[in-house]
Amino acid sequence: MTTDEPQRPGLARELIARATESAAHRAKRVRDQLDAVQLGQGRHTDHANTKVLRRILADHDWPGHRLVGPDAARAAWSIALHSDDEPDFQRAATTLLGRAVQAGDALVQHWAHLHDRALITSGRDQEYGTQLLLRADGIELCPLRAPESVDARRATVGLPPIAVALKVVRRRYTAHSSADEAPTVVLAGAARSSGTPGSPPVGLPAATPLRERIVDR
C-alpha cells in the first residue's frame, strides 16, 4: 500500500464528504431518528453517490490508495456497499475492487465485505459472514454458506473468527450507544483487521432485490 499523497486529492475530498454525510444519516436511521421525508432524502443521496462512483469507476477503475488515498478508498467502498438498489453496479464494483486488491491498491477485507453484500443482494448466501441483519430483538448474520468452515474462509481475507467479530459488534451496538458510536456498518468495519491482499474470485450471478434491512459499514 502506498503512503504517498493521492494523485487526485479533489476526488478524494469529494468521496470522503459524500460517504461521511451518508454515514451520519444511516446512524440516525438505525436509531429511528428520521421522518419519512428524511428517509427519502437519504435514499436520494445514496442514488446520487452511486451515480458519482459509477462515473469514477468508468474514468479510473477502482479509486484505490494510489489515486485517492486510504480514507477516500474506504469512502468509495462504503458508497459501493450501500448501492443495493443497483445490483449490477455493485457486482461490477466488486470485480474492480478485486482487481485493485490484486494490484496491492486496496484492502482485501473491503473486497470480502463488498463480495458478501453483492451475494446477499443477489439472494444468495454470503461467504465471509460480514453482513448482518438488524432486527427488533438484536443482530444476526445474513444467510451464510457452509457456516462450519467460515472461519477458515475469513482467515484467508484477514478477518478474525466469526464469534469474535459478532461479540465486538453486539458489544458496540447497545441501546445506550451515542450516534457517533452507532455501527453504521455491519460486521464489516467492526471486524476489520490487517491482512495481506490476496487473489479473490470475481463474478456474481443475476441479482434480485434485497427484501430485508441490512446494517453495514
Side-chain angles (χ1 to χ4, degrees), residues 1-24 26 45-122 126-128 130-131 153-160 184-204 207 216-217:
M1 300 296 174
T2 181
T3 57
D4 297 335
E5 289 296 314
Q7 298 169 5
R8 297 292 300 274
L11 192 60
R13 288 191 292 271
E14 180 180 10
L15 285 168
I16 291 171
R18 286 180 174 277
T20 299
E21 179 185 2
S22 292
R26 285 192 299 275
T45 297
D46 283 342
H47 286 310
N49 288 347
T50 298
K51 184 177 180 179
V52 168
L53 185 57
R54 186 187 290 273
R55 171 179 53 80
I56 292 171
L57 296 188
D59 291 343
H60 303 285
D61 288 337
W62 184 261
H65 293 193
R66 298 184 186 94
L67 186 71
V68 296
D71 291 342
R74 187 184 188 283
W77 163 71
S78 180
I79 291 171
L81 199 67
H82 293 92
S83 299
D84 295 328
D85 289 340
E86 299 194 37
D88 60 330
F89 167 76
Q90 201 171 57
R91 293 195 304 275
T94 303
T95 297
L96 293 178
L97 176 54
R99 292 174 183 169
V101 169
Q102 292 174 324
D105 200 29
L107 296 177
V108 70
Q109 294 90 347
H110 284 182
W111 173 85
H113 300 148
L114 188 55
H115 178 65
D116 272 357
R117 184 63 165 236
L119 287 172
I120 292 297
T121 57
S122 299
Q126 60 179 325
E127 291 281 332
Y128 301 104
T130 65
Q131 302 300 296
R153 295 195 298 275
R154 287 173 65 85
T156 66
V157 291
L159 294 174
T184 53
V185 211
V186 189
L187 188 50
R192 195 185 311 112
S193 64
S194 61
T196 303
S199 301
V202 295
L204 293 173
D216 36 32
R217 280 196 196 281

Min side-chain heavy-atom separation [X]-[Y] under 4.5 Å:
X	Y	result
Arg154	Pro160	yes
Ser78	Asn49	no
Pro70	Arg74	no
Leu159	His113	yes
Trp62	Asp105	no

Rounded at 0.5 Å granularity, tell me how far [atom1] in [X] sits from [atom2] in [Y].
X	Y	atom1	atom2	result
Arg55	Leu11	CZ	CG	7.0 Å
Phe89	Asp84	CZ	CG	11.5 Å
Ile56	Leu67	CD1	CG	8.5 Å
Gln109	Leu114	CD	CG	13.5 Å
Leu81	Thr130	CG	OG1	7.5 Å
His115	Gln90	NE2	CD	12.0 Å

Do the ring planes of Trp77 and His110 sit parallel (below 30°), tilted (30 to 60°) or perpendicular (above 60°)?
->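 Plane angle under 30°, so parallel.
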For Ala118, does its backbone N or O pair with a side-chain atom of Thr121 as donor and acceptor, under 3.5 Å?
->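 Answer holds: yes.
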Using atom types as modelled and distance alone, determine if a side-chain donor or acceptor of Thr156 lies under 3.5 Å from a backbone N or O of Arg153.
->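 Yes, Thr156 side chain to Arg153 backbone: donor-acceptor pair under 3.5 Å.
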Might you point out which heavy atoms bring [X] and [Y] nearest each other, and give the distance in Å?
X	Y	answer
Glu127	Asp116	N-OD1, 2.7 Å
His65	Ala73	CD2-CB, 3.6 Å
Ala112	Val157	CB-CG2, 3.9 Å
Val101	Leu107	CG2-O, 3.5 Å
Pro63	Val68	O-CG2, 3.4 Å

Regarding Ser83 and Asp46, is there a side-chain donor-to-acceptor distance under 3.5 Å anywhere?
->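 Checked: Ser83/Asp46 side chains show no N/O donor-acceptor pair below 3.5 Å.
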Those residues that, when tested against Arg8, pass side-chain hydrogen bond (donor to acceptor under 3.5 Å, both in side chains) (two or more places apart) |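 Residues passing side-chain hydrogen bond (donor to acceptor under 3.5 Å, both in side chains) with Arg8: His60.
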With sequence neighbours excluded, residues passing salt bridge (Lys or Arg N to Asp or Glu O under 4.0 Å) with Glu86 |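 Per chain and number, Glu86 pairs via salt bridge (Lys or Arg N to Asp or Glu O under 4.0 Å) with Arg54.
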After noting the C-alpha distance and the side-chain angles of Leu15 and Ile79, does the key distance pass the side chain to side chain contact (heavy atoms under 4.5 Å, CB included) rule?
-> CA-CA 8 Å; Leu15 285 168; Ile79 291 171; 4.0 Å; yes
